[in-house]
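Order of listing sets the numbers, starting from 1, for every ligand and every atom in it. Quick note: numbers below take in every heavy atom, side chains included, and nothing from hydrogens, waters or symmetry partners.
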Amino acid sequence: MLGSTGSIGVNTLDVIARHPQRFEVFALAANASVAALQAQCEAFAPRYAVLADADAADALRDRLRGTDTTVLHGEEGLQRIVTADEVDVVMAAIVGAAGLPSALAAARAGKTLLLANKESLVMGGHLLMAAVRESGAQLLPIDSEHNAIFQCMPVDAGARPSLRGVSKVLLTASGGPFRGWSLRDMQDASPDQACAHPNWSMGRKISVDSASLMNKGLEFIEACWLFDLRPDQVEVVVHPQSIIHSMVQYRDGSVLAQLGNPDMRTPIAYGLSWPERIDAGVAPLDLVATARLDFEAPDESRFPCLRLARESVAQGGTAMAACNAANEVAVASFLDEQIRFTDIPAVIETTLERVQVVEPTAVPVVEQADLEARAIALEVLAELRPAKAPLRY
Ligand code: NAD
Ligand code: MG
């Protein structure tokens, strides 16, 4: 369980705790949250706990002395737990580009990979999908839209999703907390307002992405990689109630949709139990109480991030990694109250104009593109905030 103390992590452990006969937690991993990981280790008694930060890992080791949990740290620790023979399933729920190496290692080791960390596909989709194909790993998308698409796709004889008869995918977006806001009002939006999502409770980074619609941009890229779709086969539809989680349109005019209350435990439980279904603790959908399902086209003049993500797909190569990296820097700086909400797309657009795009032939190439884009995005931030101290993210 990578990213166990985050929003997806906590929801995953909630589903696991409902099925003690079915699942055993082998390892939990987080960034630096010693107290939260300690509490999870006490509840789930994993063989390993991993913290990215070495000092935090020392502190956790002290606190877990006398238990059966061994504490590791850093990327090496993550690599060790995801490739361990005892592990069948890896939940990849680290936030951001930091999640790529461990997700890739799990794919190469042939594990069942439950992928919540969409940034790893956006950055290194080519490499991750190749690793899955070569090792025979089973990749199950946890992002609710992609999980919905997976559920609505036809399957081939090997029970893999197939594109037979599919004309396109309708990727639904809630529109986020600023759906009805003017650009002028968005300029003054605070981090807390951006994180107040109307339907979903999530980590702060993805919440800001949802407010800017970059989340849908990242998901657009994610859908192309996961289901081998051309960009023109993915259409974004704003659906404010978040009851339909996405749809697949077929050549004969049929549209299959997956519906449910907006609760991440549904796609998490589906991933954990696939191809079976288990109780997820989610309230049954009451369609009469829901009453309405609305749809509208996204407004790219107020939400340029969606266009930027699409343009990075058209640019190809490492442009998607650069788009993701610039977004991570811009979002961190917005959450840090250093730039305005409307500066986020400006930082990404200028970064994309300045980066060198190359073919993402290997992990170090993608990691280098990520680092270069972060450095350029920091320069763009410095230009936006003249005479202020330089930032580091
Ligand atoms: P979060 O911020 O709540 O949690 C992130 C987790 O990752 C934490 O446990 C943190 O300790 C850990 N982490 C961060 N950096 C790390 C590192 N270097 N090494 C090890 N652990 C590290 O984020 P979240 O909302 O749970 O999102 C996680 C991922 O799932 C993101 O990629 C997000 O886009 C995706 N996702 C989330 C949701 C949701 O409902 N929250 C829905 C769809 C997709
Ligand atoms: Mg999603």
Spacing of CG belonging to Leu213 relative to CD belonging to Glu219, to within rounding of 0.5 Å:
9.5 Å
With a 4.0 Å cut-off on heavy atoms, is Ala29 touching ligand 1?
no
Between the candidates Met91, Gln40, Met1, Glu119, which shows the shortest non-hydrogen contact distance to atom 31 (C) of ligand 1?
Glu119
Which segment of Ala30 sits under 4.0 Å of ligand 1 when only heavy atoms are counted:
both
So Trp181 and Phe178, would you call those rings parallel, tilted or perpendicular, with 30° and 60° as cut-offs?
tilted
Tabulate below the donor-acceptor pairs under 3.5 Å that side-chain atoms of residues 90-115 make, not counting sequence neighbours, or state none.
residue	atom	partner	partner atom	Å
Ser102	OG	Gly99	O	3.4
Lys111	NZ	Ala84	O	2.8
Lys111	NZ	Val87	O	2.8

Given Asp143, Val50, Thr5, which has its nearest heavy atom closest to atom 44 (C) of ligand 1?
Asp143
Answer side chain, backbone, both or neither: which part of Ile206 comes under 4.0 Å from ligand 1, heavy atoms only.
side chain
Pick one: which of Tyr270, Phe150, Trp200 meets ring-ring contact (aromatic ring centres under 6.0 Å, His included) with His245?
Trp200
Report yes or no: is the cationic atom of Arg374 (NZ for Lys, CZ for Arg) under 6.0 Å from the centre of the six-membered ring of Tyr393, at an angle within 45° of the ring normal?
no
Just to check, does Ser4 reach to within less than 4.0 Å of ligand 1 when the distance is taken from its heavy atoms?
yes
Less than 2.8 Å from the Mg ion (ligand 2) is the window; count the protein N, O or S atoms in it.
3
Decide whether Gln241 and Asn199 meet the rule of one side-chain donor and one side-chain acceptor closer than 3.5 Å.
no
Could you go through the side chain to side chain contact (heavy atoms under 4.5 Å, CB included) check for Ser246 and Leu170 one step at a time?
CA-CA 6 Å; Ser246 279; Leu170 304 172; over 6 Å; no
Report yes or no: do Asp209 and Asn327 form a side-chain donor-acceptor pair below 3.5 Å?
yes
Can you tell me if Lys205 has a non-hydrogen atom under 4.0 Å from ligand 1?
no
Would Glu235 and Leu171 count as a side chain to side chain contact (heavy atoms under 4.5 Å, CB included) here? Give the steps.
CA-CA 6 Å; Glu235 181 183 337; Leu171 186 68; over 6 Å; no
From Ile94, Leu121, Leu2 - option closest to atom 29 (C) of ligand 1 by heavy atom:
Ile94
Residue portion contacting ligand 1 (non-hydrogen atoms closer than 4.0 Å) for Met202
both
Salt-bridge test for Glu383 and Arg354: reply yes if a basic N is under 4.0 Å from a carboxylate O, no otherwise.
yes
